[in-house]
Every structure is written in C-alpha cells, then in structure tokens.
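Please read the structure below before turning to the comments.
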Amino acid sequence: MMRSPQSLRNGGVEPHPDPHFHSTVSLRKLRRLNALIFVFRLAAFSFSLAAAVFMLTNIRGSSPPHWYDFDAFRYVVAANGIVAVYSLFEMGASVWEISQGLTLFPEALQVWFDFAHDQVFAYLLLSADSAGTALARALKGMNTCAANGPFCVQSDISIALGFAGFLFLGLSSLLSGFRVVCFMINGSRFHL
C-alpha cells in the first residue's frame with residue numbers, strides 16, 4: 001500500500017475529507033443563527049408557560065366564573081402548555097446543536113421536524129388564543145366582567161401572553177424555514 005506525501009506529513013494518518021467542510025466564518029454565522037433560534041424558543045417557552053400559569057391560577061374562590069368552566073379557556077391552557085413543553089424540548093436541542101455542532105436527529109430529519117412542528121404549534125397557539133379572545137369579548141359583552149373584573153383582567157393577560165408566545169414561535173418558524181431552504185439548496189443546514 002502506497003502512502004501519499006500528505007499522509008506522511010500528517011503522521012501517517014490519511015485525512016478524512018469532510019463532505020460538509022465550512023470555513024470558521026460560516027461556522028460562526030451558523031452559531032449566531034442557532035443562538036437566535038434559541039432566544040426565540042426561550043421567549044416562546046417563557047410566554048407560553050406564563051400564559052398557561054396565568055390562566056391556571058385564574059380562580060377566585062369557590063364562586064364562578066372559573067377558567068375551566070369555559071371550553072375556550074381550557075383550550076388556551078392546553079395549547080400554551082403543549083407549546084411550552086415543545087419549546088423546552090427544542091431549547092434543549094438548540095443547546096445541544098450549539099455546544100456539539102450536531103443535531104439530535106439526522107440533519108434532514110431535524111430541519112423538517114423543527115419546521116413542521118414550529119408551524120403546527122404556532123397555528124395551534126394562534127387558534128387557541130383567538131378562541132380565548134372571542135370568549136373574553138363575549139364575557140365583557142354579557143357584563144360578566146363588571147361583577148368579576150379581576151377574572152377578566154387575568155384572562156386577558158393570559159391571552160396576551162399567549163399571543164406573544166405565538167409571535168416568538170412564528171419568528172422561530174421563519175428561521176427554521178430558512179434552514180429547510182438552505183438544506184434543500186445546499187444539502188446542509190449551513191447557509192453558506
């Protein structure tokens with residue numbers, strides 16, 4: 001077996017060419033993109049968790065109204081809870097990718113997983129918060145809020161926090177969509 005001059009300079013070890021070689025500049029850009037995705041996921045997690053907690057704690061003694069008496073408010077709690085758990089998982093995946101430089105799943109699966117789930121959960125959150133908004137407006141129209149002002153205010157805060165969670169999940173979805181396009185064009189989540 002003949003050894004190449006390159007292998008002799010490398011201590012007799014043949015170098016393994018990396019099919020996805022990228023310069024340190026593009027690696028820094030990828031790290032910045034991943035860090036931005038992490039920040040958006042952290043914000044989505046924080047707002048969704050806060051929205052779920054605000055609605056769950058919206059109980060004023062034993063007399064009605066309670067959040068669980070209304071289907072739309074139960075939907076708000078469930079959707080925000082699901083998005084909070086998903087965002088927590090994705091934050092862990094982002095930390096792994098930033099620290100290790102690798103995705104949890106194979107790269108093709110990871111970019112599509114992130115994009116598809118970001119889309120589904122963003123629409124779930126938008127739907128739940130829209131239903132909660134419609135119910136909150138209806139409660140104000142029936143003078144329920146005149147007698148139970150703190151209940152309505154806390155419901156409004158929970159819904160607003162849910163919309164903020166949707167905003168950051170939507171921004172995260174845009175960036176994961178960008179990664180899908182990069183993967184389709186370059187065969188890698190790297191954009192350069």
Side-chain angles (χ1 to χ4, degrees), residues 16-56 72-134 157-192:
H16 295 288
D18 185 7
H20 295 293
F21 172 76
H22 297 280
S23 70
T24 56
V25 173
S26 65
L27 289 175
R28 272 189 262 141
K29 286 182 178 181
L30 180 66
R31 271 201 133 132
R32 267 189 267 144
L33 178 69
N34 288 338
L36 187 60
I37 290 172
F38 174 78
V39 168
F40 288 157
R41 293 191 189 286
L42 176 64
F45 168 75
S46 300
F47 282 111
S48 295
L49 182 64
V53 168
F54 262 80
M55 191 62 81
L56 282 170
F73 288 164
R74 287 194 300 242
Y75 186 28
V76 168
V77 169
N80 279 291
I82 289 168
V83 168
V85 169
Y86 166 72
S87 295
L88 184 63
F89 169 77
E90 283 292 337
M91 283 187 330
S94 290
V95 167
W96 176 264
E97 188 171 346
I98 290 168
S99 65
Q100 302 295 318
L102 302 169
T103 56
L104 284 179
F105 303 126
E107 189 175 27
L109 179 64
Q110 185 74 49
V111 295
W112 284 104
F113 178 89
D114 291 348
F115 179 68
H117 285 86
D118 284 352
Q119 290 285 309
V120 167
F121 291 131
Y123 286 120
L124 174 73
L125 205 52
L126 180 63
S127 170
D129 291 327
S130 296
T133 301
I157 291 170
S158 174
I159 292 165
L161 289 168
F163 276 120
F166 162 74
L167 173 72
F168 285 105
L169 193 57
L171 291 171
S172 177
S173 179
L174 286 174
L175 292 178
S176 61
F178 174 74
R179 288 174 50 159
V180 167
V181 170
C182 290
F183 183 78
M184 291 172 59
I185 292 171
N186 300 329
S188 171
R189 68 190 187 283
F190 292 90
H191 57 281
L192 290 177

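Numbering starts at 1 and runs along the sequence shown.
- Residues satisfying the side chain to side chain donor-acceptor pair (under 3.5 Å) test with S127, not counting sequence neighbours, are Y75.
- Taking F73 as the reference, F70 meet the ring-ring contact (aromatic ring centres under 6.0 Å, His included) condition, with sequence neighbours excluded.
- Scanning both residues, S87 and A44, for their nearest heavy atoms gives OG-CB, 3.9 Å.
- When all heavy atoms are compared, the tightest approach of I37 to S94 is CG2-OG, 4.1 Å.
- Listed by first and then second residue, the salt bridge (charged side-chain N to carboxylate O under 4.0 Å, His left out) pairs involving residues 83-96 are R41-E90 (not counting sequence neighbours).
- Judged as a ring-ring contact (aromatic ring centres under 6.0 Å, His included), and not counting sequence neighbours, the contacts of F113 are F105, H117.
- With sequence neighbours left out, V120 forms a side-chain contact (heavy atoms from CB on, under 4.5 Å) with no residue at all.
- A pairwise comparison of heavy atoms in A51 and G162 identifies CB-N, 3.6 Å as the closest pair.
- For L174, the side-chain contact (heavy atoms from CB on, under 4.5 Å) test picks out L171, with sequence neighbours left out.
- Atom CG in L33 sits 14.0 Å away from atom CZ in F38 (nearest 0.5 Å).
- S173 and S176 get closest at one heavy-atom pair: O-OG, 3.0 Å.
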Would you mind writing out the side-chain donor-acceptor pairs for residues 78-86 within the sub-3.5 Å range, not counting sequence neighbours?
from : atom 1 : to   : atom 2 : distance (Å)
N80  : ND2    : V76  : O      : 2.8
Y86  : OH     : D118 : N      : 3.4
Y86  : OH     : D118 : OD1    : 2.5

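- Contact record, F163 with S130: CZ-N, 3.8 Å, taken as the closest heavy-atom pair.
- At least one donor-acceptor pair closer than 3.5 Å links the side chain of S99 to the backbone N or O of W96.
- Atoms CG and CZ, on L125 and F47 in that order, are 12.0 Å from each other to the nearest 0.5 Å.
- Shown here for A122 and L169, the closest heavy-atom pair between the two residues is N-CD2, 3.4 Å.
- Partners of E97 under the side chain to side chain donor-acceptor pair (under 3.5 Å) rule, at least two apart in sequence or in another chain, are N34, R179, R189.
- A 4.5 Å side-chain heavy-atom check between K29 and R32 finds at least one atom pair inside the cut-off.
- Remark: F166 engages no residue in a ring-ring contact (aromatic ring centres under 6.0 Å, His included) (not counting sequence neighbours).
- Scanning for side chain to side chain donor-acceptor pair (under 3.5 Å) contacts around D129 gives an empty result, with sequence neighbours left out.
- Contacts of V180 classified as side-chain contact (heavy atoms from CB on, under 4.5 Å), with partners at least two apart in sequence or in another chain: V111, W112, F115, M184.
- S158 meets the side chain to side chain donor-acceptor pair (under 3.5 Å) test with no other residue; sequence neighbours excluded.
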